[in-house]
Amino acid sequence: MLVKHVLDRKPQGVTTVTSEKTLLDAAAVLSARKIGALIVSENGESIDGIISERDIVRGISAYGPGCLSRELKEFMTANVQCCTPADTIFSVHERMSSGNFRHMPVAEDDRLVAMLSIRDLMAARTQMVEAENDALTGMIVGY
């Protein structure tokens with residue numbers, strides 16, 4: 001299964017923030033949207049960085065709660081790994097697992113098109129297993 005098949009089932013749109021926003025601003029958006037990561041983008045199309053719940057926790061742990069008023073650019077991951085709609089969900093899942101992160105932007109022609117979470121990939125893999133199980137059951141029973 002390809003990333004584009006997963007995206008077909010996801011709502012469109014990605015929430016972004018600019019690097020001048022604070023950690024507190026990011027935390028508020030993450031909480032309000034019930035999501036785990038935000039793309040940092042100056043224009044809503046480029047991928048300048050990513051900020052996750054983990055990044056916020058690391059900042060608080062290292063600098064105390066006063067860091068919540070500091071800009072995201074101090075805490076975001078700037079070298080963001082991305083995938084494309086043509087990548088397989090298996091290759092993306094492997095990259096996320098080996099890199100120990102749970103969110104990956106999807107880019108096409110250097111433009112942000114979506115965000116994948118590990119949950120999206122696990123749901124897709126579960127659907128694949130269920131479809132294979134149904135097909136095998138049908139072959140055995142004779143549907």
Side-chain angles (χ1 to χ4, degrees), residues 1-139 143:
M1 180 180 281
L2 301 178
V3 168
K4 69 180 175 181
H5 299 128
V6 175
L7 297 181
D8 289 342
R9 294 181 219 149
K10 270 184 72 96
Q12 296 301 309
V14 181
T15 304
T16 64
V17 292
T18 59
S19 62
E20 289 78 29
K21 294 291 184 181
T22 66
L23 280 184
L24 185 59
D25 294 331
V29 173
L30 291 171
S31 178
R33 302 271 180 146
K34 296 182 170 92
I35 56 177
L38 293 165
I39 298 297
V40 180
S41 175
E42 300 310 314
N43 61 13
E45 292 183 355
S46 64
I47 302 169
D48 303 318
I50 190 168
I51 189 84
S52 70
E53 296 164 320
R54 288 179 180 179
D55 296 321
I56 294 169
V57 169
R58 283 187 196 110
I60 293 169
S61 175
Y63 302 103
C67 75
L68 292 172
S69 63
R70 292 166 64 176
E71 292 182 344
L72 292 181
K73 61 185 161 195
E74 295 180 54
F75 300 94
M76 70 182 191
T77 300
N79 187 16
V80 181
Q81 289 193 42
C82 298
C83 64
T84 71
D87 288 331
T88 68
I89 64 168
F90 301 107
S91 67
V92 173
H93 188 246
E94 174 58 32
R95 290 172 57 199
M96 290 171 84
S97 294
S98 65
N100 198 30
F101 52 89
R102 299 176 301 190
H103 299 87
M104 183 180 282
V106 182
E108 198 165 36
D109 299 323
D110 293 324
R111 287 187 43 227
L112 175 65
V113 295
M115 175 83 96
L116 282 180
S117 71
I118 199 83
R119 182 180 294 164
D120 297 327
L121 299 179
M122 295 308 297
R125 290 182 83 161
T126 299
Q127 286 179 327
M128 286 177 60
V129 168
E130 289 173 353
E132 288 173 2
N133 186 38
D134 289 346
L136 290 172
T137 300
M139 287 171 55
Y143 288 143

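These numbers come from a predicted model, not from an experiment. If you read the sequence from its start, that first residue is 1, and numbering goes on from there. The basis for the numbers below is simple: all heavy atoms, side chains too, and nothing from hydrogens, waters or symmetry mates.
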Would you check if the side chain of [X] reaches a backbone N or O of [Y] as a donor-acceptor pair within less than 3.5 Å?
| X | Y | result |
| --- | --- | --- |
| K10 | M115 | yes |
| S52 | R54 | yes |
| T88 | S91 | yes |
| S46 | S41 | no |
| R95 | C82 | yes |
| S97 | E94 | no |

Which residue pairs satisfy the ring-ring contact (aromatic ring centres under 6.0 Å, His included) criterion with at least one member in residues 25-68, sequence neighbours excluded?
-> Y63-F75
Non-hydrogen atoms of [X] and [Y] that approach each other most closely:
| X | Y | value |
| --- | --- | --- |
| I39 | P105 | CD1-CG, 3.4 Å |
| S69 | T22 | O-CG2, 3.4 Å |
| A124 | I89 | CB-CD1, 3.8 Å |
| I60 | P65 | CG2-N, 4.3 Å |
| L72 | A26 | CD2-CB, 3.6 Å |
| T16 | G44 | OG1-CA, 4.0 Å |

In terms of heavy-atom contacts, does [atom1] of [X] have more than 12 from other residues, nucleotides or ligands at under 6.0 Å?
| X | atom1 | answer |
| --- | --- | --- |
| D110 | CG | no |
| K21 | NZ | no |
| R33 | CZ | no |
| D8 | CG | yes |
| R111 | CZ | no |

Identify which one of T15, V17, D25, I35 satisfies the side chain to side chain contact (heavy atoms under 4.5 Å, CB included) criterion when paired with L30.
->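 Output: one option passes, namely I35.
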Option from L7, V6, V92 for which side chain to side chain contact (heavy atoms under 4.5 Å, CB included) with D120 holds | V6
Apply the test side-chain hydrogen bond (donor to acceptor under 3.5 Å, both in side chains) to residues S19 and E71: give CA-CA distance (whole Å), side-chain angles for both, the deciding distance (0.1 Å), then the verdict.
-> CA-CA 6 Å; S19 62; E71 292 182 344; over 6 Å; no
Step by step, work out the salt bridge (Lys or Arg N to Asp or Glu O under 4.0 Å) result for E42 and K73.
-> CA-CA 11 Å; E42 300 310 314; K73 61 185 161 195; over 6 Å; no
Can you measure from [atom1] ([X]) to [atom2] ([Y]) and round to the nearest 0.5 angstrom?
| X | Y | atom1 | atom2 | value |
| --- | --- | --- | --- | --- |
| I51 | T77 | CD1 | OG1 | 7.0 Å |
| S61 | I56 | OG | CD1 | 13.5 Å |
| K4 | D87 | NZ | CG | 11.5 Å |

Validation row: P85, V106 side chains within 4.5 angstrom (heavy atoms) = yes
Should M122 and H93 count as side-chain neighbours, where that means a heavy-atom distance under 4.5 Å?
->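 In short, these two side chains touch, coming nearer than 4.5 Å.
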Which residues share a salt bridge (charged side-chain N to carboxylate O under 4.0 Å, His left out) with R58, sequence neighbours left out = D55
